[in-house]
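The analysis underlying the following values was restricted to heavy atoms, covering all of them including side chains, and did not include hydrogens, waters or symmetry mates. When a ligand or atom number is given, it counts from 1 through the structure's own listing order.
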Amino acid sequence: MATKQQQQSAPTPARPKSTNGVINGTKAGEGDSRIVVIIYGQGQEKIVSVFASVLGKPYRLASGFSAVGAEDHGTVIGVAAADAEVDIATRNKALVVAINSHCVNLGMPPDVRLSAASDYEFLYTEQPFFRRDLARFIAFTLGQISHHEALITKPRTYFISTTFPDVRTALSNLDILSVGSDAVEIRVDLLKEPLPDGTFSSVPSLSYVGEQVMLLRQRTELPIIFTTRCTRENGRFPMDNPELYYEYLYRAIQWGCEYIDVELWLPEDIRRRLFEQRGSSRIISAFHDFSGTFKWPSPQAQSIFEESRKYGDIVKMITIINSMSENYELEYFRSQIKLNNPDGPPLSAVNMGQLGQLSRALNTFFSPITHPLLPIVAAPGQMSAAEINGALSTMGQLPKKNIYAVGSFHFAPSAYKDRAAIILSNSGENAASVIFALRSLNIGKIYTVGFKALGPLASGVEPFTSIESVQRVDQPFAIISALPPEKSHLVQPLLRHFSNGKEGQNGAGLGKVFVDLSNGPKKGDPIKVAEQSGWTAYGVADTSAFTTVETLRLLVGQNVPYSFVRLASGRGLY
Ligand SMILES: O=C1C[C@@](O)(C(=O)O)C[C@@H](O)[C@@H]1O
């Protein structure tokens with residue numbers, strides 16, 4: 001349970017409904033134009049000068065809020081904590097924005113009355129001091145930057161649900177964990193605060209949570225999603241006192257968390273207050289159904305969306321399903337929501353469990369993801385970014401990337417130019433992205449086994465009709481198998497037939513690249529056969545890692561080492 005001291009502080013300081021400064025394209029907004037007053041702890045006046053320097057303004061120290069007037073516009077004001085106590089409650093909220101700064105090295109928690117009465121609170125460490133963190137905090141809370149505006153324009157976004165009992169254990173791996181993510185979720189309900197008697201607090205105190213959020217923010221540039229998941233929705237936060245949620249979630253706004261997860265079951269009054277007081281933070285209205293009775297094509301689903309959007313910048317709906325077809329029902333729901341609400345809010349909706357994994361790949365906004373390095377998955381059926389990207393590429397949703405990435409690893413794209421390739425597949429659809437990718441590498445003739453290319457993909461593509469036709473083919477440079485796992489061994493005779501034994505004297509490179517896209521238990525080992533026959537062979541784990549690298553490069557603008565992605569992708573889909 002939260003401490004008594006914390007429960008006394010359930011403030012609702014006024015703040016502008018929303019600040020007007022958002023990043024518009026690349027242009028930073030003006031943001032909150034009120035006078036910035038920094039409350040500082042004993043011996044910490046230097047933090048005022050750092051705030052001022054980050055904001056590019058002069059500063060002065062004042063004896064209290066009553067000593068700040070309109071003439072101070074353009075100057076950052078510092079007020080000592082002891083002085084702030086006297087008149088913070090009666091400050092002119094239209095004139096000043098009060099930021100309680102507290103150095104955690106001086107002990108936690110900060111003065112809880114100041115925490116409660118301030119507009120925002122900046123927790124920091126003296127050593128090491130992260131100016132980057134301060135810059136981001138102040139730019140965000142004052143509305144000079146907005147991650148959200150940029151995020152909603154991306155075609156796909158993900159957030160990693162961290163499930164650590166103490167984020168300290170995650171810090172050294174945080175970069176690895178957050179590759180491919182657009183935001184990091186801190187599951188506050190899963191934090192475990194150790195108590196002096198060796199047990200753990202049933203609810204981590206605000207003091208512990210504040211420090212955890214600070215540590216996380218110091219180490220990541222990604223926006224933070226602050227989540228207090230309740231016991232009924234697969235979390236650990238107790239449901240008997242809704243005000244406790246208000247207390248924690250409001251504090252998260254004060255700490256400058258970019259996203260606040262507010263569960264839909266909470267009383268409307270609490271949801272409304274949080275929405276009105278959210279400042280620059282964005283509210284994710286969250287609904288989870290574990291009953292197994294929820295249906296996407298129902299008036300209930302519609303009304304949940306309508307109720308969620310009342311106090312949500314993002315609507316999240318997560319359910320348990322009983323059949324595969326409910327994934328299609330969700331896709332229909334998603335398309336209708338988009339059609340009927342072109343101006344948002346964005347919908348993040350997935351089905352849980354293994355049956356629901358398709359929907360995790362198809363969801364485009366804020367797909368929750370996990371990572372093999374996390375202690376537990378945050379919800380049944382959660383997948384990693386590598387798994388989702390693997391699934392998408394298998395479905396042809398990430399065309400081009402597999403083969404191009406392979407080409408750029410051991411061979412320059414020019415190596416493929418005008419050479420022959422063979423594709424094995426049991427359907428044209430499965431092979432479409434392969435043909436597309438090979439074309440983008442200027443491959444010469446493409447021979448197909450097991451399918452006939454139709455439509456625009458068919459030109460320059462010729463089927464193998466018999467074993468004799470194999471004999472007539474030039475040495476292929478690439479063989480790509482998109483066969484299902486149980487048939488993947490059928491490629492082996494071809495690999496042997498075009499083995500490197502036939503390579504020309506000068507080593508000009510004949511049969512070179514073999515890619516097996518099948519994922520699942522196989523008869524035989526085509527990769528081994530390929531390698532024994534002199535091919536450079538790639539399996540699905542390689543191609544999905546390449547795909548992830550390329551996807552990250554293209555979508556997130558981050559370069560991630562292939563070897564690292566390959567190591568980190570861990571489990572396969574099956
Ligand atoms: O709401 C969600 C989605 C989730 O429940 C999932 O199904 O992946 C995981 C939670 O951590 C997150 O807050």
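- Contact check on Arg136 versus Glu258 returns a salt bridge, with a Lys/Arg side-chain nitrogen under 4.0 Å from an Asp/Glu carboxylate oxygen.
- Summary of contacts: the protein heavy atom closest to atom 6 (C) of ligand 1 is Ala379 CB, 3.2 Å.
- Taken from CG in Asn351 to CG in Leu362, the straight-line distance is 10.0 Å, to the nearest 0.5 Å.
- For the pair Lys522 and Asp516, the salt-bridge criterion is met [side-chain N within less than 4.0 Å of a carboxylate O].
- Applying the 4.0 Å criterion to heavy atoms of Arg229 picks out, from ligand 1, the atoms 1 (O), 2 (C), 12 (C), 13 (O).
- Contact atoms of ligand 1 toward Ile318: 3 (C), 7 (O) (distance under 4.0 Å to a heavy atom of the residue).
- Residue nearest to atom 1 (O) of ligand 1, selected from Met317, Met352, Lys316, Gln382: Lys316 (by heavy-atom distance).
- Of all the atoms in ligand 1, the ones that sit under 4.0 Å from a non-hydrogen atom of Ala378 are 9 (C), 11 (O).
- Rounded to the nearest 0.5 angstrom, Asp289 CG and Ile304 CD1 are separated by 7.0 Å.
- Leu266 and Pro242 get closest at one heavy-atom pair: CD2-CB, 4.0 Å.
- Residue Pro368 holds the heavy atom nearest to atom 3 (C) of ligand 1 of all those in Pro368, Ser348, Ser161.
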Check the pair Glu331 / Ser359 against side-chain hydrogen bond (donor to acceptor under 3.5 Å, both in side chains), numbers first and verdict last.
-> CA-CA 8 Å; Glu331 291 320 307; Ser359 68; 5.7 Å; no
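- In this structure, of His288, Arg360, Glu185, the residue bringing a heavy atom nearest to atom 7 (O) of ligand 1 is Arg360.
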